[in-house]
Amino acid sequence: MSTRVCSALALVCLLLVMAQRAEAQPAGLGAGAELVDPKVLRVCADPRDLPYSDMQGRGFENKIAVMFAKQLGKSLAYTFYPQVIGFVRNTLDALRCDVVMGVAEGYELVQTTNPYYRTTYVLVYRPGTGLDGVDSLGDKRLQGKHIGVVAGTPPATIMASNGLMPDAQPYPLTVDTRVDAPSKTMVGDIASGKIDAGVLWGPLGGYWAKQSATKLTVVPLLKEHGAPMTFRITMGVRQSDQAWKRTLNRLIVEDRIKINALLASDGVPLLDNQGKLIAP
């Protein structure tokens, strides 16, 4: 998976949300014509980055886009591009589309909407292997365990402070999603017993654990200190597109219940505004 949560939000990978972006935003289409095509919801997306998006429309971001297009009475079209360096420059900035569905709140090089979900990193392990009940990286039962972690993400800092890194199994942060999926690989390694557990961004850990033929436990990590572990996720538009941002904000509010249900069905652990887990 590519970097899906940008460095502007203190260390998250995105894990998390977007690939590295160094170019400034263009002026855009102007206040009078913010959209590339007012009759079409045009979305920028990675063609192979489940659970977020793929060309077959199986990702939860694909499904939210379908929901929004229906609400707006528009058709839906994609500009697919791997979320590697140059993603925004070649899609949103190039006026080939009008929205990126998953961006960490506060990222400076796109204008962000209100958050449409909040989530956290999770611990994934096989039940019955001595880790049942572990809900923090400070638990002594993790000492000496081989724990998977994506290099350079916030959990690595917390694992280091708890003395877990000497036995850790690192997985790459930034990859070309056309040829690699480290989160899927990590969950497969947990299921096979190659590693004892893994720490993953919530949407990834929850989704791939649900796909596993081996039963896996997914525990939201809500007790950690020393690095940010929970983040709000928004949609990104061009800096000039004020009216379009307001439209998306309205849809996020109107479709909140449906969005939450959709995310939960894909295993995404959801948090409320106080950072507490929302029951599925």
Heavy-atom donor-acceptor pair, [X] side chain to [Y] backbone, under 3.5 Å:
X	Y	answer
D98	V36	yes
D49	Y52	no
S53	G59	no
D266	V268	no
K210	S265	yes
Y121	P228	no
S192	G188	yes
Q211	K184	no
Q242	Q239	yes

Those residues that, when tested against D139, pass salt bridge (Lys or Arg N to Asp or Glu O under 4.0 Å) (two or more places apart):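 Expected list: R141.
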
Would K145 and D167 satisfy side chain to side chain contact (heavy atoms under 4.5 Å, CB included), going step by step from the backbone distance to the final call? CA-CA 6 Å; K145 299 294 186 181; D167 298 302; over 6 Å; no

Between [Y] and [X], is there a side-chain donor-acceptor contact under 3.5 Å, judged purely by atom types and distance?
X	Y	value
D241	Q111	no
N90	Y81	yes
N62	Y78	yes

Using the rule that Ile, Leu, Val, Met, Phe, Trp and Tyr join whenever any side-chain heavy atoms are under 4.5 Å apart, tell me whether [X] and [Y] fall into a single cluster.
X	Y	answer
L222	L137	no
Y207	L271	no
V253	I64	no
L123	L277	no

Are any non-hydrogen side-chain atoms of [X] and [Y] less than 4.5 angstrom apart?
X	Y	answer
P115	I233	no
R58	L50	yes
M235	T112	no
V134	V219	no
D46	F80	no
I147	Q169	no
N114	T234	no
Y171	T185	yes

To the closest 0.5 Å, what do you measure between [atom1] ([X]) and [atom2] ([Y])?
X	Y	atom1	atom2	answer
R246	L251	CZ	CG	13.5 Å
W201	T119	CH2	OG1	5.5 Å
T153	M159	OG1	CE	9.0 Å
L221	M229	CG	CE	4.5 Å
L72	K70	CG	NZ	12.5 Å
Y117	L263	OH	CG	6.5 Å

Check [X] against [Y] and note the closest heavy-atom contact, atom names and distance.
X	Y	answer
T129	D132	N-OD2, 4.5 Å
G226	T157	O-CG2, 4.2 Å
Q71	E254	NE2-OE1, 3.7 Å
P269	V122	CG-CG1, 3.8 Å
C44	F87	CB-CZ, 3.9 Å
A168	P170	O-CD, 3.6 Å

Partner of [X] under side-chain contact (heavy atoms from CB on, under 4.5 Å), chosen from [options]:
X	options	answer
I190	T217, V124, D196, T214	V124
V110	D93, V100, V237, V103	V103
F68	L76, T247, V43, D255	D255

Atom CE of M165: over 12 foreign heavy atoms under 6.0 Å: yes

Is the shortest side-chain N to carboxylate O distance from K74 to D37 below 4.0 Å? no

Lys/Arg N to Asp/Glu carboxylate O, D272 vs R118, below 4.0 Å: no

Assess whether side chain to side chain contact (heavy atoms under 4.5 Å, CB included) is satisfied between R126 and L131, documenting all intermediate values. CA-CA 8 Å; R126 285 172 293 126; L131 298 179; over 6 Å; no

Starting from the C-alpha separation in whole Å, work towards a yes-or-no answer on side chain to side chain contact (heavy atoms under 4.5 Å, CB included) for R42 and R96. CA-CA 8 Å; R42 302 189 65 87; R96 297 173 64 190; 5.8 Å; no

